[in-house]
There are 2 protein chains.
Amino acid sequence: MRIGELSRNTGVPVPTIKYYVREGLLPPGELTSPNQATYGEAHERRLRLIRALLDVGGMKVAEIADVLAAVDDPERPLHKVLGAAADRLGRDDVEHDDAESATARAVVADLVSRRGWRTHESNPAAIDLSKALAAMGRLGHGAFVEVLDDYADAAEQVARADLRYVDRRVAVESMTETVVIGTVLGEAVFSALRRLAHVDASAQLYGADGSQERKPS
Amino acid sequence: MRIGELSRNTGVPVPTIKYYVREGLLPPGELTSPNQATYGEAHERRLRLIRALLDVGGMKVAEIADVLAAVDDPERPLHKVLGAAADRLGRDDVEHDDAESATARAVVADLVSRRGWRTHESNPAAIDLSKALAAMGRLGHGAFVEVLDDYADAAEQVARADLRYVDRRVAVESMTETVVIGTVLGEAVFSALRRLAHVDASAQLYGADGSQERKPS
DNA sequence: CCATCATAGATAGTGGCGCTATCGGATAGC
DNA sequence: GCTATCCGATAGCGCCACTATCTATGATGG
């Protein structure tokens with residue numbers, strides 16, 4: 001398959017495919033002559049994965065490059081791949097160093113130990129969690145920690161479902177790829193479900209129909 | 001309070017504050033003379049909210065403008081505010097019209113009716129859900145629907161916790177503001193918890209320590 | 001064999017976004 | 001008066017995800 005066909009099959013413009021190759025998201029095609037290359041099924045799959053991570057997962061190109069490099073590296077242990085995927089939020093943003101941050105970190109440490117979670121507070125996810133809770137604290141919503149255990153229960157439930165799913169699909173494709181898809185797209189799925197459940201739950205409580213009708217622009 | 005003090009209190013640069021005012025995120029200060037204005041507690045609060053929505057919630061400035069306009073409009077019913085907050089994903093992206101999309105829509109319709117959720121499939125969240133599931137389908141992960149009910153259980157649980165929290169805090173501040181904070185920042189919280197739970201669950205299954213150690217750069 | 005089309009690889013440009021810099025004129029507060 | 005600050009407006013910047021253009025080469029069909 002040449003690049004034009006790859007483009008037609010996936011709906012991704014040719015220059016964009018070249019861009020992804022340049023950025024290391026997509027391996028180059030196999031050269032049959034100095035300026036001809038062919039692409040296979042793997043490229044098509046990978047291209048669809050890239051678009052899903054971009055469009056649905058909201059990841060940045062550089063992040064995708066990191067994650068896919070980890071997926072392609074057979075040496076890389078699974079939790080490192082997850083780490084690369086998890087570093088999405090915790091980057092170079094301003095470090096608040098106020099009371100809320102300290103409180104939030106303490107809350108997280110307490111939660112982790114109470115849950116018996118085998119993780120460390122240097123885990124990017126734990127840092128993200130602290131940041132989110134600190135932001136809520138600054139907004140006068142420090143009391144949100146009261147529902148944290150409900151959240152954690154649900155998170156454990158989802159995590160168990162994820163693991164079960166991955167386990168069931170071993171050897172269908174690369175397990176790391178399945179993990180990435182499950183982690184990133186699963187987040188989008190859950191987020192949508194949560195919003196749907198909100199509408200229903202608030203309809204139940206407040207009697208609105210929650211139909212979300214919108215003007216057809 | 002003048003703009004300089006507002007800036008110092010919140011850590012947001014003065015030109016950025018002016019930018020937010022221009023974009024309609026922040027109401028202008030009260031003019032005491034043609035070119036002097038004072039700002040109050042409300043501005044400080046609003047500014048912190050904006051930063052939280054931006055930094056933690058990952059929302060765009062234009063989206064925040066929409067949501068905050070809805071928050072400030074006492075006529076706007078609650079579910080419309082949620083709607084404005086929910087339109088984050090479903091925008092002008094390419095409309096796939098393949099078998100996966102149709103399947104995904106059917107799966108969502110089935111889920112909604114099976115759950116008895118009082119919502120319509122035109123709900124932005126339902127559309128986002130379809131898109132996410134369709135993307136999974138295109139990646140050969142159509143079987144993900146098998147865990148959808150586990151996800152939905154967890155989502156209902158979280159939604160109930162959210163409603164309980166909002167209910168408990170009525171009259172602390174604007175309820176719509178609480179809803180926005182809970183919806184947007186709550187998503188960040190849950191996402192971090194889910195990733196934490198992944199690490200623990202996979203450690204439990206595969207014996208890795210999941211410590212995610214990283215080079216201190 | 002040759003016209004036409006597609007391709008590889010390289011470089012430069014584009015549009016959107018979240019700011020950031022600068023400016024002219026006005027005011028605050030000592 | 002004098003300095004610091006401010007208002008409002010306009011222009012620019014840096015990043016990001018592409019997109020356009022170009023040259024040289026190769027594939028394809030009559």
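Everything numeric in this text was worked out from a predicted model, so none of it was measured. Any value given below was found using the heavy atoms of this structure, including those in side chains, with hydrogens, waters and symmetry copies removed. Naming convention: chains lettered A, B, ... in sequence-line order (proteins, then strands); numbering from 1 in each chain.
Residues passing the side chain to side chain donor-acceptor pair (under 3.5 Å) test with B:Ser130, sequence neighbours excluded: none. Looking at residues two or more places apart in sequence or on another chain, you find no salt bridge (Lys or Arg N to Asp or Glu O under 4.0 Å) involving A:Glu121. Here A:Arg2 pairs with nothing under the side chain to side chain donor-acceptor pair (under 3.5 Å) rule; sequence neighbours left out. Under the side chain to side chain donor-acceptor pair (under 3.5 Å) criterion, B:Glu100 pairs with no residue, sequence neighbours left out.
Using a 4.0 Å cut-off between charged side-chain N and carboxylate O, A:Asp72 and A:Arg46 make a salt bridge.
Sorted pairs that involve residues 31-40 of chain B and meet salt bridge (Lys or Arg N to Asp or Glu O under 4.0 Å), not counting sequence neighbours, are lacking altogether. Applying the side-chain hydrogen bond (donor to acceptor under 3.5 Å, both in side chains) definition to pairs two or more places apart or across chains, those involving residues 11-22 of chain A are A:Tyr20-A:Arg51. Listed by first and then second residue, the salt bridge (Lys or Arg N to Asp or Glu O under 4.0 Å) pairs that reach into residues 134-145 of chain A are A:Asp98-A:Arg138, sequence neighbours excluded.
Overall bending of the helix from C:dC1-D:dG30 to C:dC30-D:dG1, expressed as the angle between end axes built from five pairs apiece, is 10° (10° steps).
At distances below 3.5 Å, at least one donor-acceptor pair connects side-chain atoms of A:Thr103 with backbone N or O atoms of A:Ala99.
Nucleotides of DNA chain D with any atom under 4.0 Å from a heavy atom of chain A span, from 5' to 3', D:dA17 to D:dA27. Bounding nucleotides for the chain B contact on DNA chain C, 5' to 3', at a heavy-atom distance below 4.0 Å, are C:dG18 to C:dA28.
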- Run the numbers on B:Tyr151 and B:Phe144 for ring-ring contact (aromatic ring centres under 6.0 Å, His included), then give the verdict. CA-CA 10 Å; B:Tyr151 267 60; B:Phe144 189 81; 5.3 Å; yes
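Toward the 5′ end of DNA chain D lies the nearest nucleotide of A:Arg22, the other residue of the pair A:Arg22 and A:Thr32 mapping further downstream. Projected onto DNA chain D by closest heavy-atom contact, A:Ser33 and A:Leu54 fall at different nucleotides, the more 5' of which corresponds to A:Leu54.
Using a 4.0 Å cut-off on heavy atoms, the residues of residues 36-50 of chain B that approach DNA chain C are B:Gln36, listed by number. Taking a 4.0 Å limit (strictly below) on heavy-atom distances, residues 10-20 of chain A reaches DNA chain C at A:Lys18.
When only modelled atom types and interatomic distance are considered, A:Asn9 and A:Tyr39 share no side-chain donor-acceptor pair under 3.5 Å. Under the 3.5 Å distance criterion, with hydrogens and angles disregarded, a donor-acceptor pair is assigned to the side chains of B:Glu187 and A:Ser191.
Summarising the geometry, atom CG belonging to A:Leu129 is positioned 14.5 Å from atom CZ belonging to B:Arg194; distances are rounded to the nearest 0.5 Å.
Heavy atoms from other residues, nucleotides or ligands lying under 6.0 Å from CD of A:Glu146 number more than 12.
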